[in-house]
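First up is the structure itself, then whatever we jot down about it.
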Amino acid sequence: MKIDAVTIFPEYFAPLKLSLLGKAQGAGLVEFGIHDLRSFATNVHNQVDDTPYGGGAGMVMMPEVWGKALDPLMNSESDLIILTPAGKRFDQPMAQKFSTAAHLVYACGRYEGIDDRVRQHYLSKNFRVHEVSIGDYVLGGGEVASLVMIEAITRLIPGVLGNPQSLAEESHNEQGYLEYPNFTKPATWRDIPVPEILLSGNHGEITKWRAAQAIERAKNNL
């Protein structure tokens with residue numbers, strides 16, 4: 001998979017070199033390209049934003065600079081993802097869908113967002129364009145949201161996780177339940193013991209206990 005991100009803060013994406021994502025790049029499973037939006041600005045001040053038509057607070061990112069940045073990246077295999085609080089909520093099924101894509105392009109907006117004509121233009125050219133939000137709150141920009149999505153998506157690519165069994169026991173499984181609580185050694189820590197069933201060796205009963213715990217957690221999070 002190829003992943004490109006356009007941002008005014010390329011340094012935000014340094015974590016892509018770490019842990020599983022770094023290993024995935026080394027193994028040739030994922031290729032990242034980080035592009036500085038300001039390098040496509042058209043004036044000496046590297047301006048990428050301007051005041052909004054119709055008035056209002058804040059600044060809006062200009063379409064011309066975004067067009068110059070995105071045009072060289074987009075092709076028939078590209079999915080353009082525009083990070084915005086107004087977008088569709090990102091979830092595990094969406095992560096699964098994007099994990100089979102060939103090319104993801106992240107448009108990391110800032111300020112009051114990206115001029116909507118950018119979305120309209122690429123839709124009119126028959127590109128796949130997705131407006132996505134990671135939650136009902138406002139961030140300073142799309143960089144953090146894109147990192148969340150990238151980690152959730154790339155770990156679903158075959159070969160990225162060292163233990164494929166981990167995918168079979170995801171925190172958000174197909175039934176929508178949360179993962180059961182986990183424990184490790186020692187058997188007692190600060191007077192709190194590990195649940196006795198986990199020490200029994202009875203794997204059938206352990207499976208039932210874990211399922212019940214997952215259901216209970218889901219109820220408590222409603």
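Taking the side chain as every heavy atom from C-beta outward, Asp115 and Met62 never approach each other to under 4.5 Å. Side-chain contact check for Leu80 versus Met74: some heavy-atom pair is nearer than 4.5 Å. Annotation: side chain of Ile134 is in contact with side chain of Leu139 (closest heavy-atom distance under 4.5 Å).
Counting non-hydrogen atoms of neighbouring residues, nucleotides and ligands closer than 6.0 angstrom, the CD atom of Glu77 reaches no more than 12 such neighbours. A 6.0 Å sphere centred on CD of Gln213 holds more than 12 heavy atoms belonging to other residues, nucleotides or ligands.
A donor-acceptor pair under 3.5 Å is absent between the side-chain atoms of Arg38 and the main chain of Ile8, judged by distance alone. The main-chain N or O of Glu179 is found under 3.5 Å from a side-chain atom of Arg217 such that the two form a donor-acceptor pair. Side chain of Ser200 to main chain of Asn202: a donor-acceptor pair is present (N/O by atom type, distance under 3.5 Å, no hydrogens or angles).
In terms of the ring pair (Phe, Tyr, Trp, His ring centres under 6.0 Å) criterion, Phe90 has no residue partners (sequence neighbours excluded). With sequence neighbours left out, the ring pair (Phe, Tyr, Trp, His ring centres under 6.0 Å) criterion links Tyr111 to no other residue. The side-chain contact (heavy atoms from CB on, under 4.5 Å) test applied to Tyr53 returns no partner, not counting sequence neighbours. By the ring pair (Phe, Tyr, Trp, His ring centres under 6.0 Å) test, Phe13 is found to be paired with no residue, residues two or more places apart in sequence or in another chain being considered.
Through side-chain heavy atoms spaced under 4.5 Å, either directly or across other Ile, Leu, Val, Met, Phe, Trp or Tyr residues, Val194 is tied to Phe183, Ile197, Leu198, Leu199, Ile206, Trp209.
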List the steps and the verdict of side-chain contact (heavy atoms from CB on, under 4.5 Å) for Val6 and Ile34.
CA-CA 6 Å; Val6 182; Ile34 310 302; over 6 Å; no
Residue pair Phe98, His130: steps toward the ring pair (Phe, Tyr, Trp, His ring centres under 6.0 Å) verdict
CA-CA 11 Å; Phe98 281 136; His130 316 270; 5.0 Å; yes
Take Arg89 and Asp136, measure what salt bridge (charged side-chain N to carboxylate O under 4.0 Å, His left out) needs, and give me the verdict at the end.
CA-CA 8 Å; Arg89 176 78 68 87; Asp136 294 333; 2.6 Å; yes
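Between His35 and Phe40, the ring centre distance reaches or exceeds 6.0 Å.
Under the 3.5 Å distance criterion, with hydrogens and angles disregarded, a donor-acceptor pair is assigned to the side chains of Thr7 and Glu143.
Pairs engaging residues 7-26 under the salt bridge (Lys or Arg N to Asp or Glu O under 4.0 Å) rule: none recorded [sequence neighbours left out].
Each of Arg128, Lys2, His103 was scored for a side chain to side chain contact (heavy atoms under 4.5 Å, CB included) with Ser78, with one residue passing: His103.
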